[in-house]
Number of protein chains: 2
Amino acid sequence: MVHMGDTTAPRWLSDDEQRTWRAYLHATTLLEDHLDRQLQRDAGMPHIYYGLLVQLSQAPRRRLRMTELARSAKITRSRLSHAVARLEKNGWVRREECPSDKRGQFALLTEEGMEVLRRTAPGHVAAVRQALFDRLSPEQVAQLGEIMRVMAEGLQPSDPDADLPWLR
Amino acid sequence: MVHMGDTTAPRWLSDDEQRTWRAYLHATTLLEDHLDRQLQRDAGMPHIYYGLLVQLSQAPRRRLRMTELARSAKITRSRLSHAVARLEKNGWVRREECPSDKRGQFALLTEEGMEVLRRTAPGHVAAVRQALFDRLSPEQVAQLGEIMRVMAEGLQPSDPDADLPWLR
DNA sequence: ACTACATAGTTCAACTTTCAAGGACGAGTC
DNA sequence: GACTCGTCCTTGAAAGTTGAACTATGTAGT
(Lines give C-alpha, C1' and ligand atoms only; values in the text may rest on other atoms or scores of the structure.)
Protein backbone atom coordinates (compact mmCIF):
# COMPACT_ATOMS: atom_id res chain seq x y z
CA MET A 1 0.00 0.00 0.00
CA VAL A 2 1.41 3.32 -1.06
CA HIS A 3 1.00 6.14 1.43
CA MET A 4 0.10 9.20 -0.55
CA GLY A 5 -3.06 10.46 1.06
CA ASP A 6 -5.21 12.45 -1.34
CA THR A 7 -2.82 12.04 -4.20
CA THR A 8 -3.24 8.29 -4.52
CA ALA A 9 -4.66 7.46 -7.92
CA PRO A 10 -8.38 6.82 -7.49
CA ARG A 11 -9.68 3.36 -8.28
CA TRP A 12 -12.35 4.19 -10.79
CA LEU A 13 -15.25 1.88 -11.40
CA SER A 14 -14.86 -0.86 -13.97
CA ASP A 15 -17.24 -0.84 -16.91
CA ASP A 16 -19.35 -3.51 -15.27
CA GLU A 17 -19.45 -1.65 -12.01
CA GLN A 18 -20.30 1.57 -13.74
CA ARG A 19 -23.18 -0.02 -15.62
CA THR A 20 -24.45 -1.54 -12.42
CA TRP A 21 -24.13 1.75 -10.56
CA ARG A 22 -26.05 3.61 -13.20
CA ALA A 23 -28.71 0.94 -13.28
CA TYR A 24 -28.96 1.16 -9.50
CA LEU A 25 -29.42 4.91 -9.50
CA HIS A 26 -31.87 4.75 -12.35
CA ALA A 27 -34.02 2.00 -10.92
CA THR A 28 -34.09 3.20 -7.32
CA THR A 29 -35.05 6.74 -8.23
CA LEU A 30 -37.74 5.52 -10.60
CA LEU A 31 -39.21 3.27 -7.94
CA GLU A 32 -39.05 5.94 -5.27
CA ASP A 33 -40.76 8.45 -7.53
CA HIS A 34 -43.34 5.90 -8.56
CA LEU A 35 -44.30 4.98 -5.00
CA ASP A 36 -44.28 8.60 -3.90
CA ARG A 37 -46.74 9.50 -6.60
CA GLN A 38 -48.86 6.43 -6.02
CA LEU A 39 -49.21 7.21 -2.32
CA GLN A 40 -49.61 10.93 -2.78
CA ARG A 41 -52.46 10.22 -5.14
CA ASP A 42 -54.16 7.41 -3.21
CA ALA A 43 -53.33 8.25 0.40
CA GLY A 44 -52.53 11.94 0.32
CA MET A 45 -49.06 11.63 1.73
CA PRO A 46 -45.52 10.83 0.59
CA HIS A 47 -43.97 7.40 0.96
CA ILE A 48 -42.04 8.21 4.10
CA TYR A 49 -45.14 9.45 5.94
CA TYR A 50 -46.95 6.30 4.98
CA GLY A 51 -44.04 4.35 6.40
CA LEU A 52 -44.47 6.14 9.70
CA LEU A 53 -48.09 5.09 9.91
CA VAL A 54 -47.13 1.51 9.11
CA GLN A 55 -44.54 1.46 11.86
CA LEU A 56 -47.04 2.78 14.35
CA SER A 57 -49.69 0.29 13.26
CA GLN A 58 -47.34 -2.57 14.09
CA ALA A 59 -46.21 -1.25 17.45
CA PRO A 60 -47.77 -2.40 20.71
CA ARG A 61 -50.79 -0.23 21.50
CA ARG A 62 -50.11 1.53 18.17
CA ARG A 63 -47.70 3.96 19.76
CA LEU A 64 -43.98 4.63 19.74
CA ARG A 65 -41.67 7.11 21.37
CA MET A 66 -40.58 9.78 18.92
CA THR A 67 -36.93 8.82 19.03
CA GLU A 68 -37.78 5.17 18.54
CA LEU A 69 -39.97 5.98 15.55
CA ALA A 70 -37.31 8.21 14.05
CA ARG A 71 -34.73 5.49 14.43
CA SER A 72 -36.82 2.79 12.85
CA ALA A 73 -37.80 5.07 9.98
CA LYS A 74 -34.20 6.23 9.53
CA ILE A 75 -34.97 9.91 9.73
CA THR A 76 -33.82 12.67 12.05
CA ARG A 77 -35.89 13.64 15.05
CA SER A 78 -36.29 17.09 13.58
CA ARG A 79 -37.77 15.72 10.43
CA LEU A 80 -40.03 13.48 12.43
CA SER A 81 -41.29 16.42 14.50
CA HIS A 82 -42.38 18.22 11.38
CA ALA A 83 -43.85 15.07 9.86
CA VAL A 84 -45.86 14.19 12.95
CA ALA A 85 -47.13 17.74 13.14
CA ARG A 86 -48.46 17.35 9.64
CA LEU A 87 -49.98 13.92 10.28
CA GLU A 88 -51.53 15.27 13.45
CA LYS A 89 -53.16 18.01 11.45
CA ASN A 90 -54.63 15.29 9.25
CA GLY A 91 -55.97 13.54 12.31
CA TRP A 92 -54.04 10.35 11.58
CA VAL A 93 -51.62 10.58 14.47
CA ARG A 94 -51.85 11.99 17.97
CA ARG A 95 -49.17 12.91 20.47
CA GLU A 96 -49.30 11.77 24.03
CA GLU A 97 -47.02 12.55 26.91
CA CYS A 98 -44.83 9.88 28.36
CA PRO A 99 -45.64 9.39 32.05
CA SER A 100 -42.26 7.94 32.97
CA ASP A 101 -40.16 10.57 31.22
CA LYS A 102 -41.57 14.03 31.02
CA ARG A 103 -39.28 14.94 28.13
CA GLY A 104 -40.75 12.13 26.09
CA GLN A 105 -43.63 12.00 23.66
CA PHE A 106 -45.46 9.11 22.15
CA ALA A 107 -46.77 9.28 18.64
CA LEU A 108 -49.82 7.12 18.31
CA LEU A 109 -51.91 6.07 15.38
CA THR A 110 -55.53 7.20 15.60
CA GLU A 111 -58.43 5.08 14.43
CA GLU A 112 -58.74 7.47 11.52
CA GLY A 113 -55.10 6.85 10.63
CA MET A 114 -55.63 3.13 10.86
CA GLU A 115 -58.55 3.48 8.52
CA VAL A 116 -56.42 5.27 5.95
CA LEU A 117 -53.94 2.45 6.19
CA ARG A 118 -56.60 -0.21 5.76
CA ARG A 119 -57.97 1.58 2.76
CA THR A 120 -54.68 2.21 0.99
CA ALA A 121 -52.45 -0.71 1.93
CA PRO A 122 -53.77 -3.06 -0.74
CA GLY A 123 -53.06 -0.55 -3.48
CA HIS A 124 -49.63 0.12 -2.14
CA VAL A 125 -48.71 -3.54 -1.90
CA ALA A 126 -49.98 -3.99 -5.41
CA ALA A 127 -47.74 -1.18 -6.59
CA VAL A 128 -44.70 -2.72 -4.91
CA ARG A 129 -45.55 -6.11 -6.34
CA GLN A 130 -46.04 -4.79 -9.80
CA ALA A 131 -42.81 -2.84 -9.73
CA LEU A 132 -40.65 -5.39 -8.03
CA PHE A 133 -41.73 -8.82 -6.92
CA ASP A 134 -43.85 -9.77 -9.89
CA ARG A 135 -40.88 -9.11 -12.13
CA LEU A 136 -38.21 -10.96 -10.22
CA SER A 137 -37.65 -14.68 -9.94
CA PRO A 138 -37.60 -16.16 -6.44
CA GLU A 139 -33.84 -16.49 -6.78
CA GLN A 140 -33.53 -12.83 -7.64
CA VAL A 141 -35.64 -11.86 -4.66
CA ALA A 142 -33.29 -13.84 -2.44
CA GLN A 143 -30.26 -12.30 -4.10
CA LEU A 144 -31.65 -8.80 -3.73
CA GLY A 145 -32.36 -9.38 -0.07
CA GLU A 146 -28.87 -10.63 0.58
CA ILE A 147 -27.24 -7.77 -1.32
CA MET A 148 -29.30 -5.18 0.54
CA ARG A 149 -28.38 -6.72 3.86
CA VAL A 150 -24.69 -6.52 2.98
CA MET A 151 -25.08 -2.90 1.96
CA ALA A 152 -26.91 -1.96 5.12
CA GLU A 153 -24.32 -3.64 7.27
CA GLY A 154 -21.61 -1.49 5.82
CA LEU A 155 -23.55 1.73 6.24
CA GLN A 156 -25.05 1.33 9.68
CA PRO A 157 -24.32 4.72 11.18
CA SER A 158 -22.63 4.52 14.57
CA ASP A 159 -25.76 3.41 16.34
CA PRO A 160 -24.92 0.19 18.10
CA ASP A 161 -28.47 -0.37 19.35
CA ALA A 162 -29.85 -0.33 15.85
CA ASP A 163 -28.41 -3.80 15.44
CA LEU A 164 -29.72 -5.07 18.71
CA PRO A 165 -33.45 -4.53 18.93
CA TRP A 166 -33.67 -7.46 21.38
CA LEU A 167 -31.54 -5.62 23.90
CA ARG A 168 -33.76 -2.68 24.33
CA MET B 1 -61.67 -7.74 4.06
CA VAL B 2 -62.58 -4.47 2.46
CA HIS B 3 -64.14 -4.64 -0.98
CA MET B 4 -63.78 -1.49 -2.96
CA GLY B 5 -63.37 -1.08 -6.66
CA ASP B 6 -61.17 -4.12 -6.64
CA THR B 7 -63.01 -7.35 -6.11
CA THR B 8 -59.93 -9.46 -5.45
CA ALA B 9 -58.35 -9.83 -2.04
CA PRO B 10 -54.96 -8.14 -1.94
CA ARG B 11 -51.98 -10.43 -2.38
CA TRP B 12 -49.86 -9.49 0.60
CA LEU B 13 -46.13 -9.98 0.58
CA SER B 14 -44.76 -13.30 1.73
CA ASP B 15 -42.41 -13.30 4.69
CA ASP B 16 -39.42 -13.55 2.37
CA GLU B 17 -40.68 -10.74 0.22
CA GLN B 18 -41.39 -8.61 3.23
CA ARG B 19 -37.92 -9.11 4.62
CA THR B 20 -36.43 -8.28 1.26
CA TRP B 21 -38.59 -5.20 0.90
CA ARG B 22 -37.60 -3.92 4.33
CA ALA B 23 -33.95 -4.57 3.60
CA TYR B 24 -34.31 -2.72 0.33
CA LEU B 25 -35.84 0.34 1.93
CA HIS B 26 -33.33 0.29 4.74
CA ALA B 27 -30.26 -0.09 2.56
CA THR B 28 -31.25 2.33 -0.17
CA THR B 29 -32.12 5.12 2.24
CA LEU B 30 -28.92 4.58 4.19
CA LEU B 31 -26.85 4.76 1.01
CA GLU B 32 -28.69 7.79 -0.29
CA ASP B 33 -28.21 9.62 3.00
CA HIS B 34 -24.59 8.60 3.16
CA LEU B 35 -23.76 9.86 -0.31
CA ASP B 36 -25.75 13.04 0.21
CA ARG B 37 -23.77 13.84 3.31
CA GLN B 38 -20.47 12.89 1.73
CA LEU B 39 -21.05 15.17 -1.22
CA GLN B 40 -22.56 17.97 0.79
CA ARG B 41 -19.46 17.93 2.95
CA ASP B 42 -16.83 17.50 0.23
CA ALA B 43 -18.41 19.20 -2.75
CA GLY B 44 -20.97 21.54 -1.22
CA MET B 45 -23.96 20.10 -3.04
CA PRO B 46 -26.41 17.22 -2.76
CA HIS B 47 -26.00 14.02 -4.72
CA ILE B 48 -28.47 14.92 -7.40
CA TYR B 49 -26.72 18.20 -8.18
CA TYR B 50 -23.43 16.38 -8.42
CA GLY B 51 -25.08 14.02 -10.87
CA LEU B 52 -26.06 16.96 -13.04
CA LEU B 53 -22.47 18.13 -13.25
CA VAL B 54 -21.34 14.61 -14.14
CA GLN B 55 -23.90 14.40 -16.93
CA LEU B 56 -22.77 17.72 -18.32
CA SER B 57 -19.11 16.76 -18.09
CA GLN B 58 -19.75 13.77 -20.30
CA ALA B 59 -21.82 15.57 -22.91
CA PRO B 60 -20.33 16.89 -26.14
CA ARG B 61 -19.00 20.40 -25.59
CA ARG B 62 -20.03 19.96 -21.93
CA ARG B 63 -23.55 21.19 -22.60
CA LEU B 64 -27.04 19.76 -22.75
CA ARG B 65 -30.49 21.08 -23.41
CA MET B 66 -32.46 21.51 -20.22
CA THR B 67 -35.05 18.92 -21.13
CA GLU B 68 -32.39 16.42 -22.13
CA LEU B 69 -30.55 16.94 -18.86
CA ALA B 70 -33.75 16.60 -16.88
CA ARG B 71 -34.55 13.38 -18.67
CA SER B 72 -31.18 11.80 -18.15
CA ALA B 73 -31.13 12.82 -14.48
CA LYS B 74 -34.73 11.62 -14.02
CA ILE B 75 -36.01 14.84 -12.54
CA THR B 76 -38.73 17.24 -13.58
CA ARG B 77 -37.92 20.30 -15.62
CA SER B 78 -39.16 22.43 -12.76
CA ARG B 79 -36.73 20.90 -10.35
CA LEU B 80 -33.96 21.27 -12.89
CA SER B 81 -34.71 24.96 -13.34
CA HIS B 82 -34.22 25.53 -9.63
CA ALA B 83 -31.14 23.33 -9.49
CA VAL B 84 -29.45 25.04 -12.41
CA ALA B 85 -30.25 28.42 -10.91
CA ARG B 86 -28.42 27.37 -7.78
CA LEU B 87 -25.48 25.85 -9.64
CA GLU B 88 -25.29 28.99 -11.74
CA LYS B 89 -25.03 31.04 -8.59
CA ASN B 90 -22.07 28.85 -7.60
CA GLY B 91 -20.46 29.52 -10.95
CA TRP B 92 -20.37 25.84 -11.85
CA VAL B 93 -22.94 25.94 -14.63
CA ARG B 94 -23.93 28.57 -17.14
CA ARG B 95 -27.01 28.92 -19.31
CA GLU B 96 -26.80 29.63 -22.98
CA GLU B 97 -29.51 30.22 -25.51
CA CYS B 98 -30.17 27.70 -28.22
CA PRO B 99 -29.70 29.28 -31.64
CA SER B 100 -31.92 26.81 -33.49
CA ASP B 101 -34.84 26.92 -31.06
CA LYS B 102 -35.51 30.17 -29.30
CA ARG B 103 -37.48 28.44 -26.57
CA GLY B 104 -34.48 26.32 -25.73
CA GLN B 105 -31.67 26.73 -23.24
CA PHE B 106 -28.41 24.89 -22.87
CA ALA B 107 -26.93 24.21 -19.49
CA LEU B 108 -23.18 24.06 -19.75
CA LEU B 109 -20.48 23.11 -17.31
CA THR B 110 -18.01 25.92 -16.61
CA GLU B 111 -14.30 25.36 -16.11
CA GLU B 112 -14.88 26.08 -12.44
CA GLY B 113 -17.54 23.38 -12.32
CA MET B 114 -15.20 20.98 -14.07
CA GLU B 115 -12.61 21.74 -11.46
CA VAL B 116 -15.00 20.91 -8.64
CA LEU B 117 -15.68 17.60 -10.34
CA ARG B 118 -12.00 16.81 -10.77
CA ARG B 119 -11.36 17.58 -7.15
CA THR B 120 -14.26 15.66 -5.68
CA ALA B 121 -14.80 12.71 -8.02
CA PRO B 122 -12.12 10.49 -6.44
CA GLY B 123 -13.65 10.86 -3.00
CA HIS B 124 -17.08 10.15 -4.33
CA VAL B 125 -16.03 7.04 -6.18
CA ALA B 126 -14.26 5.88 -3.05
CA ALA B 127 -17.47 6.35 -1.07
CA VAL B 128 -19.47 4.35 -3.60
CA ARG B 129 -16.83 1.61 -3.60
CA GLN B 130 -16.67 1.42 0.11
CA ALA B 131 -20.42 1.27 0.50
CA LEU B 132 -21.17 -1.07 -2.36
CA PHE B 133 -18.63 -2.64 -4.65
CA ASP B 134 -15.99 -3.49 -2.11
CA ARG B 135 -18.57 -5.46 -0.17
CA LEU B 136 -20.16 -7.42 -2.98
CA SER B 137 -18.77 -10.40 -4.84
CA PRO B 138 -18.49 -10.08 -8.63
CA GLU B 139 -21.48 -12.40 -8.90
CA GLN B 140 -23.49 -10.15 -6.64
CA VAL B 141 -22.55 -7.11 -8.68
CA ALA B 142 -23.80 -8.89 -11.77
CA GLN B 143 -26.99 -9.95 -10.00
CA LEU B 144 -27.62 -6.45 -8.72
CA GLY B 145 -27.15 -5.01 -12.18
CA GLU B 146 -29.58 -7.46 -13.70
CA ILE B 147 -32.19 -6.93 -11.00
CA MET B 148 -31.97 -3.16 -11.34
CA ARG B 149 -32.37 -3.39 -15.08
CA VAL B 150 -35.51 -5.49 -14.66
CA MET B 151 -36.89 -2.98 -12.19
CA ALA B 152 -36.18 -0.03 -14.41
CA GLU B 153 -37.77 -1.73 -17.38
CA GLY B 154 -41.02 -2.04 -15.50
CA LEU B 155 -41.01 1.56 -14.38
CA GLN B 156 -39.82 3.40 -17.44
CA PRO B 157 -42.35 6.20 -17.66
CA SER B 158 -41.64 7.47 -21.14
CA ASP B 159 -40.85 4.40 -23.19
CA PRO B 160 -44.09 3.99 -25.06
CA ASP B 161 -43.28 0.74 -26.84
CA ALA B 162 -41.97 -0.95 -23.72
CA ASP B 163 -45.14 -0.68 -21.71
CA LEU B 164 -48.39 -1.18 -23.43
CA PRO B 165 -48.35 -3.26 -26.54
CA TRP B 166 -50.82 -5.65 -24.96
CA LEU B 167 -52.57 -3.18 -22.72
CA ARG B 168 -54.39 -0.99 -25.12
C1' DA C 1 -52.35 33.58 -42.91
C1' DC C 2 -55.07 31.51 -39.23
C1' DT C 3 -56.19 28.34 -35.89
C1' DA C 4 -55.10 24.93 -32.83
C1' DC C 5 -52.21 22.41 -30.36
C1' DA C 6 -47.61 20.83 -28.67
C1' DT C 7 -43.14 21.75 -26.58
C1' DA C 8 -39.36 24.36 -23.76
C1' DG C 9 -38.57 26.35 -19.89
C1' DT C 10 -39.72 29.36 -15.89
C1' DT C 11 -42.34 30.89 -11.90
C1' DC C 12 -45.38 30.82 -7.94
C1' DA C 13 -47.31 28.82 -3.80
C1' DA C 14 -47.55 25.05 -0.89
C1' DC C 15 -45.07 21.62 1.16
C1' DT C 16 -40.91 18.98 2.86
C1' DT C 17 -36.23 18.58 4.48
C1' DT C 18 -32.09 20.21 6.70
C1' DC C 19 -29.24 22.49 9.98
C1' DA C 20 -28.33 25.00 13.94
C1' DA C 21 -30.15 26.59 18.12
C1' DG C 22 -32.74 26.15 22.26
C1' DG C 23 -35.91 24.71 26.26
C1' DA C 24 -37.07 21.08 29.33
C1' DC C 25 -36.03 17.17 31.81
C1' DG C 26 -33.08 13.17 33.69
C1' DA C 27 -28.90 11.25 35.80
C1' DG C 28 -24.59 11.54 38.12
C1' DT C 29 -21.62 13.97 41.32
C1' DC C 30 -20.48 16.88 44.95
C1' DG D 1 -29.80 21.35 46.79
C1' DA D 2 -26.60 22.84 43.03
C1' DC D 3 -23.76 21.81 39.15
C1' DT D 4 -22.83 19.60 34.97
C1' DC D 5 -23.72 17.03 31.27
C1' DG D 6 -26.40 14.24 28.17
C1' DT D 7 -30.97 13.12 26.10
C1' DC D 8 -35.74 14.21 24.19
C1' DC D 9 -37.98 16.82 21.33
C1' DT D 10 -39.25 21.27 19.17
C1' DT D 11 -38.56 25.48 16.60
C1' DG D 12 -37.36 28.75 12.91
C1' DA D 13 -35.02 29.90 8.90
C1' DA D 14 -32.94 28.49 4.72
C1' DA D 15 -32.79 25.28 1.04
C1' DG D 16 -34.98 22.01 -1.91
C1' DT D 17 -39.08 19.82 -4.21
C1' DT D 18 -43.66 19.56 -6.31
C1' DG D 19 -47.52 20.48 -9.35
C1' DA D 20 -50.03 23.77 -11.65
C1' DA D 21 -50.16 27.91 -14.15
C1' DC D 22 -47.91 30.75 -17.40
C1' DT D 23 -44.96 32.82 -21.42
C1' DA D 24 -42.95 32.15 -25.53
C1' DT D 25 -41.97 29.61 -29.44
C1' DG D 26 -42.44 25.77 -32.70
C1' DT D 27 -45.45 22.67 -35.72
C1' DA D 28 -49.28 21.01 -38.24
C1' DG D 29 -53.61 21.45 -40.56
C1' DT D 30 -56.66 24.13 -43.22
Side-chain angles (χ1 to χ4, degrees), chain A residues 29 32-41 43-52 63-90 92-108 157-161 168, chain B residues 29 32-41 43-52 63-90 93-108 157-158 160:
Chain A
T29 63
E32 179 69 13
D33 287 3
H34 182 64
L35 295 182
D36 255 343
R37 280 177 220 290
Q38 185 264 316
L39 283 170
Q40 190 69 57
R41 177 167 46 79
M45 62 190 136
H47 191 195
I48 186 112
Y49 287 33
Y50 180 87
L52 296 176
R63 73 196 60 202
L64 283 173
R65 286 288 293 271
M66 293 293 282
T67 296
E68 185 65 21
L69 180 52
R71 213 164 49 78
S72 73
K74 287 105 200 167
I75 63 178
T76 62
R77 283 178 309 231
S78 170
R79 188 174 172 183
L80 180 61
S81 270
H82 290 297
V84 167
R86 197 271 223 188
L87 292 171
E88 212 169 9
K89 224 175 257 177
N90 282 306
W92 299 334
V93 166
R94 230 178 44 235
R95 281 180 230 244
E96 206 161 84
E97 302 205 341
C98 174
S100 64
D101 184 339
K102 290 186 179 172
R103 297 167 305 176
Q105 292 272 109
F106 284 103
L108 69 90
S158 57
D159 187 1
D161 295 328
R168 207 181 57 81
Chain B
T29 62
E32 179 69 13
D33 287 3
H34 181 65
L35 294 182
D36 255 343
R37 281 177 216 290
Q38 184 264 316
L39 282 169
Q40 190 69 56
R41 176 166 49 78
M45 61 188 137
H47 190 195
I48 186 104
Y49 286 33
Y50 180 87
L52 296 176
R63 73 195 60 202
L64 284 173
R65 285 289 292 271
M66 293 294 280
T67 296
E68 185 64 23
L69 180 53
R71 214 168 49 77
S72 72
K74 285 109 201 163
I75 63 178
T76 61
R77 288 186 309 261
S78 169
R79 187 173 175 184
L80 181 61
S81 270
H82 292 297
V84 167
R86 197 271 222 186
L87 292 170
E88 212 169 8
K89 224 175 257 179
N90 283 306
V93 165
R94 231 180 40 238
R95 282 181 228 244
E96 206 162 84
E97 303 206 339
C98 175
S100 64
D101 185 339
K102 289 185 180 174
R103 296 166 306 176
Q105 292 270 107
F106 284 103
L108 69 90
S158 60

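Just so you know, these numbers use all the heavy atoms, side chains as well, and skip hydrogens, waters and symmetry mates. All chains are named by letter (A, B, ...) in the order of the sequence lines, taking the proteins before the strands, and each is independently numbered beginning at 1. Predicted, not measured: the structure shown is a model, and the values here were computed from it.
Residue contacts for A:Ile48: at a heavy-atom cut-off of 4.0 Å it reaches the sugar-phosphate backbone alone, with no base atom in range. No contact: A:Phe106 has no heavy atom under 4.0 Å from any strand.
In this structure, OH of A:Tyr50 is placed 18 Å from P of C:dT16, rounded to the nearest angstrom. Between the CG atom of A:Leu52 and the P atom of C:dT16 there is a distance of 12 Å, rounded to whole Å. Taking atom OH of residue A:Tyr49 and atom C1' of nucleotide C:dC15, one finds them 8 Å apart after rounding to whole Å. For the pair B:Arg103 CZ and C:dT11 P, the computed distance is 17 Å after rounding to whole Å. One interatomic measurement links the two molecules: NE2 of A:His47 to P of C:dT16, which rounds to 15 Å at whole-angstrom precision. Rounded to a whole Å, the CG atom of B:Leu87 is 16 Å from the C1' atom of C:dT10. A straight line from CZ of B:Arg77 to C1' of C:dA8 spans 6 Å, rounded to a whole angstrom. Per the geometry, CD belonging to A:Gln40 stands 11 Å off C1' belonging to C:dA14, to the nearest Å.
Within residues 32-39 of chain B, the residues approaching DNA chain C are B:Arg37, by heavy-atom distance under 4.0 Å.
The residue among B:Asp101 and A:Lys102 whose nearest nucleotide of DNA chain C is located toward the 5' end is B:Asp101. In terms of position on DNA chain D, the residue among B:Thr76 and A:Met66 whose nearest nucleotide sits closer to the 5' end is A:Met66. In terms of position on DNA chain D, the residue among A:His82 and A:Gln105 whose nearest nucleotide sits closer to the 5' end is A:Gln105.
Under a 3.5 Å cut-off, the side chain of A:Asn90 and the backbone N or O of A:Trp92 do not form any donor-acceptor pair. A donor-acceptor pair is defined here as one N or O able to donate and one able to accept, closer than 3.5 Å; such a pair exists between the side chain of B:Asp36 and the backbone of B:His47. The backbone N or O of A:Gly104 sits nowhere less than 3.5 Å from a side-chain atom of A:Glu97 that would complete a donor-acceptor pair. A:Lys102 contributes no side-chain N or O that, together with a main-chain N or O of A:Ser100, makes up a donor-acceptor pair within less than 3.5 Å. One N or O on the side chain of A:Glu88 and one on the backbone of A:Arg95 form a donor-acceptor pair closer than 3.5 Å.
In this structure, B:Asp101 and B:Arg65 have side chains that are in contact, with non-hydrogen atoms separated by less than 4.5 Å. Between B:Val93 and B:Leu108 there is no side-chain heavy-atom pair separated by less than 4.5 Å. For the pair B:Pro46/B:Arg86, a side-chain contact is recorded, criterion being any heavy-atom separation below 4.5 Å from C-beta on.
Distances shown here put every side-chain N or O of A:Arg79 at or beyond 4.0 Å from the OP1 or OP2 atom of C:dC19. For B:Thr67, a side-chain nitrogen or oxygen approaches OP1 or OP2 of C:dG9 to under 4.0 Å.
Rounding to the nearest 0.5 angstrom, the gap separating the OH atom in A:Tyr50 from the CG atom in A:Leu87 is 13.0 Å. Going from atom CG of B:Leu39 over to atom CD1 of B:Ile48 covers 11.5 Å, rounded to the nearest 0.5 Å.
Side-chain to base pairing of A:Ser78 with C:dC19: one donor and one acceptor N or O lie within less than 3.5 Å of each other.
With a heavy-atom cut-off of 4.0 Å to chain A, the contacted part of DNA chain D has its first and last nucleotide at D:dG6 to D:dG19.
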